[in-house]
Amino acid sequence: MKDNFYTLTTYLHNKNIITYPMEDYLEMIMRKQNEKLTITTLSTYLNIKKSSCSKMISKLKILNLININENKITLTKKGLEIGNYLYHRHQVLEKFLRKLNGENFKLEQVEKLEHFIDEITLLNIEKKLLK
């Protein structure tokens, strides 16, 4: 069996329409869904400028992943499905890395890895954690 190797850029460009920053937004909206989430509060949680947050919220709205009613940001059904997965992925990786690295655990590693891991690998990590 011959493996085909590609550059990281090729793999990244073959990903679906949701970008890594979009994933971060959806995950955070999912985390904070029980709060009155506005552009101001979301930008604070993500440590970004309000103007950048506003631009991304517009993109997510165009993709029908969020709604904005009375300045409150909520997930659509499609956004909720994706957000649930993204939040779950984060939790599994965080638990795994905490167990693996102990006192040397760094949240930064979770934030970096979560964008590159596929569903099969995530499922297998989760299975190993349950053993």
Side-chain angles (χ1 to χ4, degrees):
M1 179 176 167
K2 183 180 175 190
D3 288 327
N4 292 319
F5 291 91
Y6 301 98
T7 65
L8 179 58
T9 305
T10 302
Y11 287 116
L12 294 177
H13 285 110
N14 288 333
K15 191 143 164 96
N16 62 28
I17 196 162
I18 297 174
T19 64
Y20 300 135
M22 287 177 180
E23 287 183 351
D24 290 333
Y25 278 77
L26 291 172
E27 180 187 330
M28 185 58 72
I29 295 167
M30 181 69 207
R31 288 172 177 269
K32 304 295 183 178
Q33 68 178 337
N34 295 324
E35 298 180 21
K36 183 177 187 232
L37 196 59
T38 64
I39 289 175
T40 301
T41 55
L42 184 57
S43 65
T44 300
Y45 288 135
L46 292 170
N47 295 299
I48 56 170
K49 295 179 186 175
K50 281 174 48 176
S51 58
S52 298
C53 186
S54 183
K55 288 177 188 174
M56 182 62 77
I57 290 302
S58 294
K59 292 176 184 178
L60 293 172
K61 187 162 175 43
I62 290 168
L63 292 173
N64 194 35
L65 297 173
I66 62 159
N67 289 314
I68 303 174
N69 295 317
E70 298 177 16
N71 292 325
K72 183 179 178 185
I73 301 166
T74 58
L75 295 167
T76 62
K77 184 179 177 185
K78 181 178 173 185
L80 190 58
E81 289 173 12
I82 296 169
N84 270 325
Y85 171 76
L86 297 173
Y87 185 47
H88 175 74
R89 178 183 71 185
H90 179 96
Q91 290 175 311
V92 170
L93 287 173
E94 183 173 339
K95 185 176 180 181
F96 176 69
L97 290 177
R98 281 186 187 281
K99 189 173 186 175
L100 184 68
N101 295 333
E103 65 183 43
N104 294 317
F105 169 78
K106 294 182 180 151
L107 183 60
E108 178 183 348
Q109 289 298 307
V110 177
E111 293 299 325
K112 289 176 179 177
L113 287 173
E114 65 187 3
H115 299 293
F116 294 96
I117 198 156
D118 65 13
E119 290 180 36
I120 293 169
T121 305
L122 184 69
L123 182 61
N124 288 328
I125 289 172
E126 195 169 14
K127 286 177 184 175
K128 293 288 185 189
L129 287 172
L130 295 175
K131 286 185 178 181

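- Shown here are the side chain to side chain donor-acceptor pair (under 3.5 Å) partners of Ser51, two or more places apart in sequence or in another chain: there are none.
- Evaluation of the side chain to side chain donor-acceptor pair (under 3.5 Å) rule for Thr44 yields no partner, not counting sequence neighbours.
- Residue pairs meeting the side-chain hydrogen bond (donor to acceptor under 3.5 Å, both in side chains) criterion with at least one member in residues 92-103, sequence neighbours excluded, are His90-Glu94, Glu94-Arg98.
- The line from CD1 of Ile82 to CE of Met22 is 10.5 Å long, rounded to the nearest 0.5 Å.
- Glu27 is linked by a salt bridge (Lys or Arg N to Asp or Glu O under 4.0 Å) to Arg31, counting only residues two or more places apart in sequence or in another chain.
- Residue pairs that meet the side-chain hydrogen bond (donor to acceptor under 3.5 Å, both in side chains) test with at least one member in residues 76-87, sequence neighbours left out, are Tyr87-Gln91.
- Under the rule for a salt bridge (Lys or Arg N to Asp or Glu O under 4.0 Å), the partners of Glu35 that lie at least two apart in sequence or sit in another chain are Lys32.
- For the salt bridge (Lys or Arg N to Asp or Glu O under 4.0 Å) test, residues two or more places apart in sequence or in another chain that qualify with Glu108 are Lys112.
- Scanning for side chain to side chain donor-acceptor pair (under 3.5 Å) contacts around Ser43 gives an empty result, with sequence neighbours left out.
- Qualifying side chain to side chain contact (heavy atoms under 4.5 Å, CB included) partners for Lys128, counting only residues two or more places apart in sequence or in other chains: Lys131.
- By the side chain to side chain donor-acceptor pair (under 3.5 Å) test, Asp118 is found to be paired with Thr121, residues two or more places apart in sequence or in another chain being considered.
- Applying the salt bridge (charged side-chain N to carboxylate O under 4.0 Å, His left out) rule to pairs touching residues 55-67 yields nothing, sequence neighbours excluded.
- No side-chain heavy atom of Val110 sits less than 4.5 Å from a side-chain heavy atom of Phe96.
- Between Ile48 and Cys53, the shortest heavy-atom distance links the atoms CD1-CB, 3.8 Å.
- Clustering ILVMFWY residues whenever any of their side-chain heavy atoms sit less than 4.5 angstrom apart, transitively, puts Leu123 in a cluster other than the one holding Leu93.
- Residues passing the side chain to side chain contact (heavy atoms under 4.5 Å, CB included) test with Thr41 are Leu37, Thr38, Tyr45, sequence neighbours excluded.
- With rounding to the nearest 0.5 angstrom, the CD atom of Glu111 is 10.5 Å from the CD atom of Glu23.
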